[in-house]
Number of protein chains: 2
Amino acid sequence: MDMENDTGIMQKLRSLFVPQIPPALEGGRVQLLRGDTTSAAHSDDEDEIRKSFNFTYGQPLVQFVSQNLVDGENEENICPAVTRVGVVFGMEAESPGAHNVIAGIFDALKAHNNKSILFGFVGGTEGLCSQNALVVTDDMLKSYRNQGGSDLLEQSSKKIHDFQHREEARRSCITLKLDGLVFVGGCSTNTDAARLAEYFKSRKCQTTVVGVPVTLEGDLKNEFVETDVGFDTVCKFSSQLIGNICLDALSAGKYYFFIRLMGKEASHVALECSFQSHPNLVILGEEVATSNMTLSQVTNRICDAVQARADKGKYHGVIVLSEGLIENIVDTQLLIQEIKGLLKEGISTQKCLSLLSPWAAALLKSLPLLIQKQLLEEMETEGLNYLSNIETEKLLAKLVEEELGKRKEAGTYTAKKLDSVCHFLGYRSRGALPSNFDCSYAFTLGQLAFFLVMHSLNGYMATVTNLSQPVSKWRCGAVPFTAMLTVDKRPKDCNAVIPGELAIHSEKVNLKGKPIRLLLQNAEKRLMDDVYISSGPIQYQGPGSDSRIMTVSIEAED
Amino acid sequence: MDMENDTGIMQKLRSLFVPQIPPALEGGRVQLLRGDTTSAAHSDDEDEIRKSFNFTYGQPLVQFVSQNLVDGENEENICPAVTRVGVVFGMEAESPGAHNVIAGIFDALKAHNNKSILFGFVGGTEGLCSQNALVVTDDMLKSYRNQGGSDLLEQSSKKIHDFQHREEARRSCITLKLDGLVFVGGCSTNTDAARLAEYFKSRKCQTTVVGVPVTLEGDLKNEFVETDVGFDTVCKFSSQLIGNICLDALSAGKYYFFIRLMGKEASHVALECSFQSHPNLVILGEEVATSNMTLSQVTNRICDAVQARADKGKYHGVIVLSEGLIENIVDTQLLIQEIKGLLKEGISTQKCLSLLSPWAAALLKSLPLLIQKQLLEEMETEGLNYLSNIETEKLLAKLVEEELGKRKEAGTYTAKKLDSVCHFLGYRSRGALPSNFDCSYAFTLGQLAFFLVMHSLNGYMATVTNLSQPVSKWRCGAVPFTAMLTVDKRPKDCNAVIPGELAIHSEKVNLKGKPIRLLLQNAEKRLMDDVYISSGPIQYQGPGSDSRIMTVSIEAED
């Protein structure tokens with residue numbers, strides 16, 4: 001038995017999977033329909049966007065349809081000339097399915113002209129600026145098709161944030177004679193792409209800059225974008241784990257599980273997973289922020305749930321929260337801002353403690369030591385990444401234990417001491433083998449990105465809509481970046497986004513949307529009745545293999 | 001969209017899955033063949049076993065074959081009388097597939113006589129002793145077929161360790177007029193069953209006591225038992241996670257992952273997972289124990305690996321270790337023994353520190369604070385369970401960081417500071433939806449358990465062999481418990497097993513077996529070449545859905 005070759009059956013089988021493409025792309029020739037010109041997403045922002053995006057503002061929406069379906073009018077011929085395209089993995093590119101964006105671009109580009117070349121920039125924006133590119137070949141791609149991770153190109157570790165970087169990127173594109181440059185990533189990557197598209201246009205650079213929505217947190221979401229590549233796989237993967245934990249809770253009958261899920265800026269993962277697995281309680285950052293809840297109020301909410309269950313003789317439970325929660329709780333948010341402010345002034349973490357306001361110092365000291373340490377030390381980490389390292393699930397478990405202790409002393413809680421187990425279901429899902437949905441969605445977006453380049457649609461993001469339906473009903477199009485830009489209105493230092501920054505911003509969970517209404521309707525039943533779901537592992541064949549993102553389906557019905 | 005009813009597709013689909021059964025069981029009538037009488041596994045132990053198991057020692061091996069395949073001789077008629085059987089989930093019963101043992105017993109029992117009754121004892125041995133049983137019905141079973149967890153009956157929280165318990169169990173069986181009592185679990189559960197079978201026989205109790213091997217750690221393993229129910233699912237599930245982490249490591253290119261896997265007594269899970277996912281390094285407790293390695297030697301072994309990879313420009317990696325490792329490292333093992341000894345004398349953890357030998361105190365103080373705390377506090381937990389809470393992966397990550405720092409100062413290591421991420425892939429797999437293999441294996445064993453009761457084979461464990469082959473080639477039989485009992489020869493206090501205890505003992509990974517030889521052959525390649533495998537999620541249909549346990553297949557070839 002040759003173990004080295006006999007293994008990885010699934011990996012090999014998946015590499016042979018043929019992603020589905022919507023009818024518009026079948027046959028390899030598409031027809032472009034231009035729609036109305038676009039304006040700013042928020043009319044208040046229009047002036048500012050116009051000023052900063054003078055060259056790319058207000059382009060029309062476009063739609064791609066099959067060339068046979070529509071009459072000749074509006075038709076534009078696709079040039080079968082040799083095309084040179086570059087692809088860049090942005091910071092959010094390590095999402096299951098990202099490799100299929102490359103495969104989509106590659107296949108479309110080679111189908112048009114076999115001499116066309118796809119360059120992959122190694123290390124994302126750094127590779128772009130330093131002209132570190134590899135020529136993607138069929139052979140090279142073979143083992144990356146329908147696989148997880150982003151290891152073919154690695155992702156970016158930094159944004160393109162200044163003039164020098166943009167100029168370096170322009171020179172790379174000129175040197176490599178690129179017709180197009182495709183950015184693969186989430187909000188920050190596509191904001192980079194938007195700025196680069198504007199810059200290139202202003203400098204009369206011929207390279208068409210386009211974007212593709214890929215981020216496992218699913219927060220690049222707006223009236224044009226239903227979801228992002230990677231989100232489906234990550235939610236199914238995480239729901240599988242939550243389902244397992246629920247069953248474990250039920251079997252043992254004596255533990256409370258506190259599970260933190262990915263989602264720094266928004267709680268889409270936690271929301272979707274709660275539909276797929278039915279934990280007893282889910283605490284979304286958006287709800288907490290909107291109702292201005294304090295840490296003590298969040299703690300009490302959980303305690304009330306535990307107590308209600310104890311009254312029915314249930315001493316186990318599963319509580320889900322999102323990664324960004326701690327930044328949405330009103331008092332911890334203020335504490336974090338104070339610490340960040342001090343660190344920004346170059347004050348050491350040791351000194352930090354003595355310089356906090358009495359209020360903040362008192363809150364910090366009231367927290368478990370582990371969390372105090374994490375808040376001070378991890379905060380030095382750049383951007384939002386520190387959030388991954390603050391174990392909010394342990395913080396809440398500890399506070400709930402303490403509060404129940406107090407209630408017990410007061411005689412209002414009579415059950416035994418809470419036994420808690422904490423999990424952060426974080427980055428283990430990043431490398432997961434993508435679902436059929438993500439494989440096909442990413443591949444389709446890659447193909448669209450190529451057609452955007454072919455039509456010189458500079459400053460556009462490829463979009464696929466009607467995603468709650470089978471692939472045969474998906475609609476293909478593209479949206480100008482400028483229609484998705486907004487000015488951040490959040491208070492200073494609330495998070496890593498510079499206040500007032502014009503960008504494609506992370507979309508929060510809509511508290512008035514149908515998914516939340518549905519969640520609330522069923523909250524009591526889920527809390528008390530243990531209607532847990534074992535959603536099971538992602539299937540690639542047979543029933544369940546084509547199941548859709550539940551929140552997207554619910555939103556589609558709204 | 002009715003979300004409450006639209007969810008859990010996979011859960012429902014799995015409940016409809018029909019487990020495969022080997023040819024011997026098809027048609028529902030089996031023929032029993034008795035083989036040679038058995039002796040003790042180790043001839044040294046024979047006297048002791050004979051003495052303690054006077055009534056059940058030395059029974060023959062039995063084999064079940066299809067009634068049509070063999071001539072009439074040896075045939076015994078199966079009585080179609082009403083049969084009453086009880087089933088008990090032992091301590092290790094929370095293994096994916098355990099519910100299918102119940103389904104197997106139930107279906108066989110009802111096929112023989114629809115008036116027969118299956119009792120499930122609630123809460124394991126406690127339910128048995130207190131006569132807390134429910135009558136299993138088809139309707140009740142429906143939603144538990146092919147599901148994870150053990151929530152239909154819950155598992156035992158204690159062993160049957162004294163005369164009083166055995167007597168209570170006997171009374172329960174008499175009260176419920178049980179023809180048979182089936183124990184579902186691992187080494188400790190089946191040891192309980194062996195003692196109860198002997199006790200019942202000595203007291204002329206008519207209830208036939210039999211066992212079924214179910215434990216996700218896969219350590220009930222010997223010349224008769226190839227593997228246990230749950231092991232396949234857990235290894236596939238964990239390998240999926242390791243594969244994801246490997247891809248994450250490769251994509252980011254800058255982290256070292258330290259992953260601890262279940263396996264308190266033996267490293268079977270870690271070994272199997274390393275075949276399925278190819279991490280860079282796997283450290284098995286058995287290897288460390290046999291070569292008498294110290295904590296510093298284990299640390300240096302990892303550092304050497306990190307250094308060798310850094311020399312080739314690789315700054316990421318995945319290191320797998322088993323839960324029991326810390327008890328196999330020669331110096332930490334001695335430290336643990338000292339602490340346990342003091343705690344056993346009723347000394348408080350606070351005082352413990354000052355009473356340790358200077359050597360042990362020095363070692364303890366040299367460990368990271370977190371681990372010191374865990375070693376002192378968790379050790380108070382009963383049995384082996386404390387091991388789950390000692391984060392050996394964090395201990396080693398920390399020590400490796402320190403050692404590399406020293407090497408850097410000495411100029412022998414020149415790469416950057418090690419960035420480590422630690423994971424314990426523990427109990428999230430317990431509630432996993434079982435693989436097709438585990439569903440069929442458990443169901444088959446359940447059916448066999450019923451036939452053992454029908455043939456009054458008291459003191460037997462149901463066995464299925466040839467498991468590396470398709471179900472159509474599986475062989476069915478049973479083995480007397482007494483042929484699997486051994487006297488523990490391990491030094492006093494080495495772990496929770498009382499020294500010299502006669503029991504069915506956990507089987508360590510065989511360091512001379514073919515799996516280990518193969519692992520060593522490929523160790524260099526795996527260490528240096530990143531031949532990671534994404535084994536992917538467990539599939540229930542299509543290719544890969546019937547893949548077999550790799551170590552079992554390799555052993556079968558040996």
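In what follows, every chain begins at residue 1, and chains take the letters A, B, ... in the order their sequences are listed.
Annotation: side chain of A:Gln240 is in contact with side chain of B:Gln240 (closest heavy-atom distance under 4.5 Å).
Contact annotation for B:Leu425: only side-chain heavy atoms (C-beta onward) come within less than 4.5 Å of a heavy atom of chain A. Of the atoms belonging to B:Gln521, not a single heavy atom falls under 4.5 Å from chain A. Contact annotation for A:Leu13: only side-chain heavy atoms (C-beta onward) come within less than 4.5 Å of a heavy atom of chain B. Only the side chain of B:Glu94 comes within contact range of chain A, with at least one heavy atom under 4.5 Å from a heavy atom of that chain. A:Phe237 touches chain B through its side chain: at least one heavy atom from C-beta onward sits under 4.5 Å away, while N, CA, C and O do not. Proximity to chain A involves both the backbone and the side chain of B:Leu250, based on heavy atoms less than 4.5 angstrom apart.
Put simply, the side chain of B:Gln539 gets close to the backbone of A:Tyr540: a donor and an acceptor are under 3.5 Å apart. Judged by distance alone, the side chain of B:Gln541 and the main-chain N or O of A:Pro543 form no donor-acceptor pair under 3.5 Å.
Put simply, of A:Gly544, A:Pro537, A:Ala93, the one with the most heavy-atom pairs under 4.5 Å next to chain B is A:Pro537. Here A:Ala432 is the residue among A:Ala432, A:Ser535, A:Gly536 with the most heavy-atom pairs under 4.5 Å with chain B. Most heavy-atom pairs under 4.5 Å with chain A: of the set B:Arg14, B:Glu154, B:His423, this distinction falls to B:His423.
A:His316 NE2 to B:Asp151 CG: the interatomic distance, rounded to the nearest 0.5 Å, is 9.0 Å.
The environment of NZ in A:Lys416 is crowded: more than 12 heavy-atom neighbours from other residues, nucleotides or ligands sit within 6.0 Å. Around atom OH of B:Tyr315, more than 12 heavy atoms belonging to other residues, nucleotides or ligands sit under 6.0 Å away. In the displayed structure, B:Phe424 atom CZ is contacted under 6.0 Å by more than 12 heavy atoms of other residues, nucleotides or ligands.
The nearest pair of heavy atoms linking B:Ile9 to A:Ser547 is CD1-CB, 4.4 Å. Counting all heavy atoms, side chain and backbone alike, B:Gly149 lies closest to A:Ser251 at CA-OG, 3.4 Å. Counting all heavy atoms, side chain and backbone alike, B:Leu433 lies closest to A:Asn244 at N-OD1, 4.2 Å.
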